[in-house]
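All chains are named by letter (A, B, ...) in the order of the sequence lines, taking the proteins before the strands, and each is independently numbered beginning at 1. Any value given below was found using the heavy atoms of this structure, including those in side chains, with hydrogens, waters and symmetry copies removed.
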2 protein chains.
Amino acid sequence: MSPPIRRITLKDLARELGVSTATVSNAFNRPDQLSPNLRERILAEAKRLGYRGPDAKARSLRTGRSRIIAVVLAESLTYSLNDAVSSEFLSGVAEVLDSQGHTLLLLSARQAKCQLADAASMADGFIVYGLMPSEELFDSLPLNAALVAVDFNVAGHPSVHVDNEPACFEIADRALSTMPRQRPAIVNLRLTREPCNGRIDTEHTLLPAELTITRSRLAGFHRALVRHGFAAAQVPMWNVEENTFEVCAPVIEEILDLPANERPDLLLCMSDRIALTALTLAESRGLRIPEDICLVGFDGIAEGQYRAPRLTTVRQESGEKGRLAARMILGLEPGHSRLLGTELILGETCP
Amino acid sequence: MSPPIRRITLKDLARELGVSTATVSNAFNRPDQLSPNLRERILAEAKRLGYRGPDAKARSLRTGRSRIIAVVLAESLTYSLNDAVSSEFLSGVAEVLDSQGHTLLLLSARQAKCQLADAASMADGFIVYGLMPSEELFDSLPLNAALVAVDFNVAGHPSVHVDNEPACFEIADRALSTMPRQRPAIVNLRLTREPCNGRIDTEHTLLPAELTITRSRLAGFHRALVRHGFAAAQVPMWNVEENTFEVCAPVIEEILDLPANERPDLLLCMSDRIALTALTLAESRGLRIPEDICLVGFDGIAEGQYRAPRLTTVRQESGEKGRLAARMILGLEPGHSRLLGTELILGETCP
DNA sequence: TTGTAGGCGTTATCAC
DNA sequence: GTGATAACGCCTACAA
């Protein structure tokens, strides 16, 4: 007579039907293990009683699997969800997980450690994206966790990369070939050990190459510059701390507002966001593009192509990166590291 | 002597230390329930043995809560993660969940039903976004689930809305006032019952107002048009099935390629994505903006403001919408429906 | 302050 | 083809 506040369970259902819990469980999970008749009867009764099928929490405890894959993002969720590149990556991951009956749990390496640890013990596997790996983080992951690293390496786990160095070499080489320039400059993304949103000088130490892809991009730029007779160390560099218009703009302004004879006439940017910011601000200053200043980016985001002039850039298939990482974590793909290609896009910002 | 493949558990730890499991549990969950000394000893031993703290799966079964909030998106994850408006919404949700020690599970109403049901029994609560509610969907959610609806209504649950009708009235009224126009037209987003990517004629039936916010937006446009002497029914409408450049472009081309004397000189667009597509395509045809054609959008996405000419549009605070929904689902906010304001942004596409 | 024991809702392994 | 039963790992009255 007591009002059943409690959710109905598999056991209730079994009792109601006068069968064992095992049979009910089988009705849901292994149709071949019982007669169609009985199964039908069970499913019907379940519907009648409002039983929604086995509880995921209990099932995951019992089976050890949750069908949840966690993506651990280096940046904050807020940033990652608004950034075109990581959004596309996530969308690739989601696409595959989805089609394989898994769901996506979003985590950020910036989160409280305990939260990470918690979520960690729920997930069946981890895709870690763009992270400079900190010991701490890996401590909170299960030891033998399935893990795929994207855009960096973790010993003992496969990773997915893009050919940053050759791509940057190619685009810079191209830029320097077709339109001879006097004053190239580089705008980096998160390259210094200590935060620096502005000009990089000799005081700054750079992050080591193992920790960030931006070192590879820089290496590609430098190789091209050297090939065209520049001393790499002489080419001025600016650093941007976050790949957003707001953070980027002051740095770009600092560059564009240099006296005309010092102002760079070619900006090798490590991201489209940076290049687009430069484009917007250059246009608003009445600079002609590409005559007064050439711009090249990296990423190939849509925003750079759906405008005039279109950005000259390198397209990386972020979506494919996500799909690949997801297939790897699900074991649909051999578990060895992979290197994805890129494609040069010739826009009008650097013909 | 058997190699302990098994993960170490709380019980193992207790045995190892010669204390009870309750004490170990308390060491992790209620520090005040045992002496600092003992707690210290337990934590140290845990670290030594590589115990990562209570297993989330078991804990969630026992306590009934998982600290996971699911966001159910009307569109596919792929679309939602690439769309500026929903990304910003998600980022608002994530921000709050994050700060409250919860994590975000991403679901799509387009997913297989069983998947949804599964994930449903994991989550502590649901934020359902932009959904035209289908019975089916709600069937797979727990009966008494905590649920917040965003951009539509669900009986018995609070919702978060934006003042679509007044906002659309205001921007259309403004557009019609400052620059008298002969041939206004409306470009809708997902407004017809049957898919239609092109001109809407009298054959088409529209979705009912309960199911979609686009009906409210249309009502606002119509009210302004009527006020300026147009017969609402005479104003031509085109429909766009998905808020992406690719899907949008052919419709816009159809409009722009009309003979000059039939071509609309004012496009009231239901989203910035639509308006930006129109802007790009109009520019590439050499049309002058706003002289030849005025454009207004809706949303206020960054992309529309970081360019020249800037979009005239209505800003809705998608991020705030997400934050609010998240606070409501966590009980940090009174559980009644809320209506958020919007802000008119005067850009150059319609002065 | 600490220990005991029951149970959260399933699924897997056996028997029958 | 079906039914007992023992885990899965943890939390929490309650008793000591």
Side-chain angles (χ1 to χ4, degrees), chain A residues 4-43 45-46 49-67 114 117-118 120-124 142, chain B residues 4-42 45-46 49-67 114 117-124 142:
Chain A
I5 281 290
R6 226 163 72 347
R7 253 194 61 191
I8 187 165
T9 76
L10 185 145
K11 197 187 285 181
D12 299 332
L13 187 53
R15 190 180 340 94
E16 199 73 20
L17 281 156
V19 300
S20 87
T21 60
T23 304
V24 178
S25 175
N26 282 333
F28 283 97
N29 300 312
R30 323 151 113 190
D32 52 315
Q33 295 295 305
L34 73 177
S35 66
N37 270 346
L38 181 53
R39 180 171 138 87
E40 203 51 48
R41 201 157 65 85
I42 292 176
L43 261 37
E45 184 71 359
L49 262 53
Y51 178 69
R52 259 110 174 116
D55 176 75
K57 293 199 266 284
R59 185 218 289 269
S60 72
L61 172 58
R62 178 59 234 223
T63 63
R65 285 174 311 97
S66 59
R67 302 181 81 72
C114 62
D118 234 57
S121 54
M122 288 256 37
D124 293 344
Chain B
I5 282 290
R6 227 162 71 348
R7 253 193 62 192
I8 187 165
T9 76
L10 185 147
K11 197 187 285 181
D12 299 332
L13 187 53
R15 190 179 341 94
E16 198 74 20
L17 282 155
V19 299
S20 85
T21 60
T23 304
V24 178
S25 174
N26 283 333
F28 283 96
N29 299 311
R30 324 149 110 192
D32 52 316
Q33 295 295 306
L34 75 177
S35 66
N37 270 345
L38 181 52
R39 179 171 138 88
E40 202 51 49
R41 202 157 64 85
I42 292 177
E45 184 70 0
L49 261 53
Y51 178 68
R52 261 107 174 118
D55 177 75
K57 293 200 266 283
R59 184 217 288 269
S60 71
L61 173 59
R62 177 60 235 228
T63 63
R65 284 175 311 97
S66 59
R67 302 180 79 76
C114 63
D118 235 56
S121 55
M122 290 254 38
D124 293 345

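Residues B:G64 and B:D124 share a closest heavy-atom pair of O-OD1, 4.1 Å. Shortest non-hydrogen contact noted between A:A56 and B:S121 is N-OG, 2.9 Å.
Nucleotide C:dC8 holds its P atom 18 Å from the CE atom of B:M122, rounded to whole Å. In this structure, A:L13 atom CG and D:dG3 atom P are separated by 12 Å, rounded to whole Å. Taking atom CG on A:L38 and atom C1' on D:dG3, their separation rounds to 12 Å, with Å as the unit. Atom CZ of A:R15 and atom C1' of D:dT5 are 17 Å apart (whole Å). Atom CG in A:L17 sits about 10 Å away from atom P in D:dG3, given to the nearest Å. The CD atom of B:Q33 sits 13 Å away from the C1' atom of D:dC14 (whole-angstrom rounding). Following rounding to the nearest Å, B:D12 (CG) and D:dG9 (C1') show an atom-to-atom distance of 10 Å. The CG-P distance, from A:N37 to D:dG1, rounds to 12 Å in whole Å.
Side-chain atoms of A:K57 and B:K57, non-hydrogen and from C-beta on, never get closer than 4.5 Å to each other. Put simply, the side chain of A:Y51 does not reach to within 4.5 Å of the side chain of A:D12, judged on heavy atoms. The shortest side-chain heavy-atom distance between B:N37 and B:E40 does not fall under the 4.5 Å cut-off. Residues A:L34 and A:I42 form a side-chain contact, since some pair of their non-hydrogen atoms from C-beta on lies under 4.5 Å apart.
Judged by distance alone, the side chain of B:S66 and the main-chain N or O of B:M122 form a donor-acceptor pair under 3.5 Å.
Map B:T23 and B:L61 each onto its nearest nucleotide of DNA chain D; the residue landing nearer the 5' end is B:L61.
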Q.
I'd like to compare against my own output: the B/S/- annotation of nucleotides 10-16 of chain C with a strict under-4.0 Å heavy-atom distance to protein.
A. BBB----
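When the local axes at the two ends of the helix from C:dT1-D:dA16 to C:dC16-D:dG1 are compared, using 5 base pairs at each end, they differ in direction by 30° after rounding to 10°.
Contact annotation for B:L34: backbone-only contact, meaning every heavy-atom pair under 4.0 Å involves sugar-phosphate atoms and none involves a base.
For the residue pair B:N29/B:R59, the side-chain donor-acceptor check at 3.5 Å is satisfied.
Just one of A:V19, A:T21, A:L49 meets the side-chain contact (heavy atoms from CB on, under 4.5 Å) condition when paired with A:L13; it is A:L49.
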